[in-house]
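Side chains included, hydrogens not; waters and symmetry mates left out as well; all remaining heavy atoms used. Residue indices begin at 1 and follow the sequence shown. Numbering of ligands and ligand atoms starts at 1, following listing order.
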Amino acid sequence: MSEQKTEPAARAAASVDGERLWRRLVELSRHGGFGERGVNRQAFSAEDLAARRTLLEWAAEAGLEARTDPAGNLFLRWTPPGAESGAAAVLSGSHVDSQPLGGRFDGAYGVLAGLEALLAVKAAALPLRRPLEVVAWSNEEGSRFQPGLTGSGWVTGKLDLETIRAGLDATGVTCGEALDSFLAGTPGLPQRPREEPIRAYLEAHIEQGPLLEAEGLLAAAVDTVQGIKWFEVVVSGRAAHAGTTPIAHRADAFVTAAALAAELRALALDAEDTTRFTIGRFEVVPGSPNTVPEKVLFTIDLRHPDAGRLAALAEAFAETCAAAERAGPCGVSIRVTSDAPPIAFDPALVQRIEDKLELLGLPRFRMRSGAGHDAMLLAAGTPTAMVFIACEAGVSHNPQEYATPEAVTAGARVLAATLAELGLEEG
Ligand SMILES: [Zn+2]
């Protein structure tokens, strides 16, 4: 990195106001806040709309241009005085919707760190050639309406509005109805065209895992999102009386399923502890204490950064299930219910973030994401990378979620430095 480039990036980072960012995290968490620091702000709810209005107030205060789109995303743009006409913006953000039992950092941090970084670059009065823009993607979590990641899914062309609007919440409200009243709650916003080019996308997020804290680090560059495959396994036996049926005469779906679950897990685990294998649902039918189970359904959430390893494991799972069926006495079927391949972020952008860590006196560090994020959809067509900050004990999707003010500020400074550099580039 040349000296000319280092200097403006450091100036932008130094303009980050960590106290304002912290204050805004607390203020935003009042929308849907419960208990000591929990947040329930599900997509297109009254709380989500209130958060959107607060973001619009802060944008107006800073003189940013606000836009929306039919998917309910919110874009806040600053066009520097010297920007080349038609230059694509550098985009940064995340989401402000939360899980029902969420915290104040998951998503909201990326939006507010993006806003703080933009304001810092603006305050540093650098001769930027392209606009900077902050985005709050809609319905990332997918807890109220499935699927999730609908805002970034629509912008990147992976989801159409029909699919998004068809989602149904637990009370029978369609996503389309909720989205319409959400959009009506902030009337008059100009529309951002779906195809508008994006120069680069950066997303800051809490790690949602324990690694950074364990390493004693505040922030890191993220280079990959691991792939996720979901499976559903069904074991079919025969219901029988628990008192009168000799063991040898049973087709006990639980016994077969329990042995199979242990066998599949043993196949997946590796010495490096890279593979993630989770059986999160295990349903025994009919679920009566004195009946031999006739059916078991269980799910597997399998994650790994290498697509080849995921494919090999899927094949091994299928073979193992077929062998279990051949061995009898139960029928066994397995199917893939969801498949998201691993995503590699833009190597040059990842390197640039690592350079900024170093510039700010933090250790260089890169890691992969265990969770899915809007950034993984952006990565297909736009140079994309993420910045992770440490969170307490790796706790997330939990009201206890916490990140220190120090980590919160560090991530925003890395973001500001990177945004400044990207905004200064021509072409
Ligand atoms: Zn998130």
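Salt-bridge check for E84 with R130: failed, with every basic side-chain N at 4.0 Å or more from each acidic carboxylate O. Comment: R144 engages D169 in a salt bridge, judged by a side-chain N to carboxylate O separation of less than 4.0 angstrom.
Inclusion of D374 in the first shell of the Zn ion (ligand 1) is not supported: no N, O or S atom falls under 2.8 Å. Note on H373: not counted as a metal contact of the Zn ion (ligand 1), no N/O/S atom lying under 2.8 Å.
Residue D106 approaches the Zn ion (ligand 1) most closely through its N/O/S atom OD1.
Our summary of the site lists the angle at the Zn ion (ligand 1) between NE2 of H95 and NE2 of H205 as 120°, to the nearest 10 degrees.
Between the side chain of T299 and the backbone N or O of R281, at least one donor-acceptor pair lies under 3.5 Å. Proximity of a side-chain donor or acceptor of E325 to a complementary backbone N or O of C330 within less than 3.5 Å is not detected.
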